[in-house]
4 protein chains.
Amino acid sequence: MSPKRVDKPARRQEILEAAVRVFARRGFAASRIEDVAAEAEIAKGSVYLYFDSREEILHAAFEALAAGSREIVGRARTTQAPPLERLAGLIRDVITSVTVSPELARLLLDLYGSGAREEGLPLHMAEIYREYRTAIAALLAEAVAEGSARQGVGVAEATVIVGAIEGCLLQWIIDPALPINELAGPIAALCVSGVR
Amino acid sequence: MSPKRVDKPARRQEILEAAVRVFARRGFAASRIEDVAAEAEIAKGSVYLYFDSREEILHAAFEALAAGSREIVGRARTTQAPPLERLAGLIRDVITSVTVSPELARLLLDLYGSGAREEGLPLHMAEIYREYRTAIAALLAEAVAEGSARQGVGVAEATVIVGAIEGCLLQWIIDPALPINELAGPIAALCVSGVR
Amino acid sequence: MSPKRVDKPARRQEILEAAVRVFARRGFAASRIEDVAAEAEIAKGSVYLYFDSREEILHAAFEALAAGSREIVGRARTTQAPPLERLAGLIRDVITSVTVSPELARLLLDLYGSGAREEGLPLHMAEIYREYRTAIAALLAEAVAEGSARQGVGVAEATVIVGAIEGCLLQWIIDPALPINELAGPIAALCVSGVR
Amino acid sequence: MSPKRVDKPARRQEILEAAVRVFARRGFAASRIEDVAAEAEIAKGSVYLYFDSREEILHAAFEALAAGSREIVGRARTTQAPPLERLAGLIRDVITSVTVSPELARLLLDLYGSGAREEGLPLHMAEIYREYRTAIAALLAEAVAEGSARQGVGVAEATVIVGAIEGCLLQWIIDPALPINELAGPIAALCVSGVR
DNA sequence: CATGAATGAGGCTTCATTCAT
DNA sequence: TATGAATGAAGCCTCATTCAT
């Protein structure tokens with residue numbers, strides 16, 4: 001039943017994490033399977049026991065990221081609180097998530113590209129951002145309904161808010177000296193007062 | 001005596017533009033020198049008469065982008081108008097510039113990565129964003145001084161505003177269906193009212 | 001668990017020998033890595049599992065040659081016999097060594113060049129010849145001391161003797177019809193009687 | 001008749017000399033037509049007005065060298081003097097010739113190779129050395145006949161003498177610190193007393 | 001004659017993937 | 001399962017040669 005007590009999913013996860021570290025360091029384009037294998041402390045060929053191809057590792061990493069995003073969005077949807085507070089909470093959650101696993105965040109740099117190109121593998125940062133916009137637009141609609149946001153606030157403002165969040169992350173990713181932790185408050189404050 | 005004459009800078013520019021189109025389509029990593037040559041309708045080897053290496057083409061493209069940014073920032077600094085109007089102008093300028101040359105904007109996806117990695121060739125998106133932050137922080141300081149922005153508004157808010165701008169571009173780049181032209185207004189409105 | 005095992009040094013040696021044959025045939029400049037791979041009956045890329053670059057193969061071949069030279073010189077130094085007999089022995093040894101592996105000797109044609117050029121990788125035929133001169137000069141000094149060579153014989157004569165040996169090899173290398181085996185005697189005879 | 005007063009042969013000679021300097025510096029394999037053109041201070045394409053191909057330049061350089069050799073050999077044949085004095089003269093002439101144009105001598109390193117390979121372009125260092133051997137063998141035969149050289153001295157000794165000469169040149173070419181000028185005497189002395 | 005831009009074949013090297021052990 | 005040697009396709013870049021001016 002278990003001739004070798006290797007836990008396949010666990011091993012796959014280890015390799016994925018190693019890969020994410022490598023990709024974060026050198027970028028996907030410059031990362032070779034051998035680097036990943038070395039980081040995971042296994043042999044090059046063994047990577048292929050857990051992933052079908054180099055691309056698939058990037059897909060898997062994307063999935064991890066997407067899962068995190070979906071969780072954050074879900075929480076904003078289901079939490080009991082006034083809409084603008086839930087918006088502020090979402091912003092805090094995003095910032096916290098990248099603080100917790102900065103390597104995964106760094107991967108964004110590679111995922112942007114792979115999602116935006118024509119060959120369009122099933123990597124869709126676009127999808128993630130669409131979900132963010134939808135969720136935030138819903139919160140804004142609620143806020144308008146209850147009078148905590150001004151009339152006319154809608155999808156465009158949601159886009160700007162998603163932009164503010166992701167644009168701050170972006171600045172931090174390409175310039176890690178930027179104090180990302182101190183930014184959740186200002187983002188929330190500016191966005192909230194910006195829609196009133 | 002009447003040697004074949006060519007306007008080298010002009011030809012270099014042509015190749016650069018062809019390269020930018022190719023990079024925008026496939027991404028830098030997937031773009032072969034041969035693709036660039038084909039797009040420019042010259043032979044592969046001829047590319048090397050104008051650029052020392054594949055990397056150098058990316059550098060040159062970055063320079064074009066950086067020049068555009070510097071111009072926009074310069075205009076925001078020197079224009080005669082109330083600070084928050086100049087901020088709105090800067091936002092419009094950025095949106096306009098990417099609308100004018102969308103291919104160049106698409107390059108951002110590649111430039112993010114090349115600037116953020118350790119080997120870091122002299123490509124520094126980080127630098128560009130730093131300039132944006134500085135310029136906007138200066139505008140905000142002026143606004144605070146004249147009372148059109150609330151006390152306490154500073155670098156953090158400048159970062160959020162840069163984020164809002166760049167984050168909106170990012171969403172559009174990876175999802176060109178998004179109506180970027182209609183976003184300059186909302187970005188400006190939200191940011192301006194957000195700092196009051 | 002039972003990974004594919006290979007005797008790396010042995011394989012490297014095989015490739016090196018194949019390379020030496022190819023270089024001897026076409027010269028280093030005209031020898032493609034693909035030729036070497038074909039001669040070794042492996043794939044082009046496999047060569048790089050054992051050598052870092054095309055140049056490195058030449059270096060390795062040089063090392064083999066240098067090792068042979070050092071051995072010959074060492075033997076002339078340590079053998080128990082009258083100095084001029086040891087000189088004759090050295091001459092025979094050199095001739096024998098090229099007879100044994102003519103391909104390696106043919107490589108001299110390429111090694112001369114790579115040692116003499118300014119960029120000079122660590123290939124130093126000059127060094128080898130310097131060692132020969134030093135060793136022979138020592139033998140001559142002994143011979144002078146014991147009276148079997150005339151007064152005044154010194155480094156200049158050592159240079160001439162090295163020249164006679166290498167010059168004969170050279171003639172044979174570029175004209176293999178020349179009966180190199182029959183030359184050890186005459187070289188020794190002429191040199192020995194020339195220093196008396 | 002002379003629409004442009006360019007002296008074709010003279011220009012060809014200039015280019016050839018420039019090429020010889022370049023080849024001496026970097027070796028033929030590493031010398032590009034462009035280097036030669038730059039050294040000759042003309043445009044790359046112009047080289048082809050005087051030479052059909054890169055190879056042909058090397059051929060021409062070889063011819064210059066061969067002409068020098070033939071002259072030296074001719075002088076040894078026709079001079080009026082005892083045979084061993086004419087041998088000593090030949091040795092001096094050779095040494096002098098390389099001292100006069102060291103760059104041409106450095107070319108030997110490339111000519112050895114191009115003559116010895118199978119494709120055998122019409123570059124034949126082998127031929128030159130054969131002529132030397134023949135000439136010297138003739139001198140030795142004369143010397144034997146007049147009793148100034150011992151019985152039995154013949155082609156083998158001629159080969160050794162050619163070897164001594166060329167071997168000394170070789171040592172100097174790959175190690176220019178070696179005092180080649182002081183070697184004509186010792187070579188002659190050793191060879192002459194070696195055949196007595 | 002002279003130029004130098006353009007060409008494109010060809011070589012070196014890398015690296016994802018395979019597969020024998 | 002795990003290994004790592006082997007493969008070979010593919011890409012970057014060089015440079016001899018051509019040719020329009």
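Computation of the quantities below employed the complete heavy-atom set of this structure, encompassing side-chain atoms and omitting hydrogens, waters and symmetry-equivalent molecules. Lettering follows sequence order; numbering is per chain, from 1.
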**Fill in**
Whole-Å distance, C:Ile42 CD1 to F:dG8 P, equals 11 Å
**Request:** Starting from C1' on E:dG11, measure out to CZ on C:Phe28 and report it in whole angstrom.
**Result:** 12 Å
**Request:** Please list every stem that involves DNA chain E, where a stem is a run of 3 or more consecutive Watson-Crick or G-U wobble pairs with both pairing distances under 3.5 Å.
**Result:** E:2-21 with F:2-21
**Prompt:** Rounded to the nearest Å, what distance is computed from the CZ atom of residue C:Phe51 to the P atom of nucleotide E:dC12?
**Reply:** 15 Å
**Complete:** Regarding the side chain of B:Ala43, the nearest nucleotide among F:dA6, E:dA6, E:dT7 is E:dT7
**Message:** Without decimals, in angstroms, what is the distance between D:Glu41 CD and E:dC1 P?
**Reply:** 20 Å
**Prompt:** Among pairs that include at least one residue of residues 28-38 of chain B, which meet side-chain hydrogen bond (donor to acceptor under 3.5 Å, both in side chains), considering only residues two or more places apart or in two chains?
**Reply:** none
**Message:** So, OP1 or OP2 of F:dA6: does either fall under 4.0 Å of a side-chain N or O from C:Arg11?
**Reply:** yes
**Request:** Can you sort out the partners of A:Glu14 under salt bridge (charged side-chain N to carboxylate O under 4.0 Å, His left out), two or more places apart, ordered by chain and number?
**Result:** none
**Prompt:** Residues two or more places apart in sequence or in another chain: which of them pass ring-ring contact (aromatic ring centres under 6.0 Å, His included) with B:Phe28?
**Reply:** B:Phe23
**Request:** Please state how far atom CZ in B:Arg12 lies from atom P in E:dA5, giving the value in whole angstrom units.
**Result:** 14 Å
**Qualifying residues under side-chain contact (heavy atoms from CB on, under 4.5 Å), relative to A:Gln13, sequence neighbours excluded** = A:Leu16, A:Glu17
**Request:** For D:Leu49 and F:dA20, give me the distance from atom CG to atom P, rounded to whole Å.
**Result:** 15 Å
**Request:** Spell out protein contact along nucleotides 9-14 of chain F as letters: B when the base is contacted, S when just the sugar-phosphate is, - when no protein heavy atom is under 4.0 Å; keep the 5' to 3' order.
**Result:** -BSSBB
**Prompt:** Which whole-number value in Å describes the distance from A:Ile57 CD1 to E:dA16 C1'?
**Reply:** 11 Å
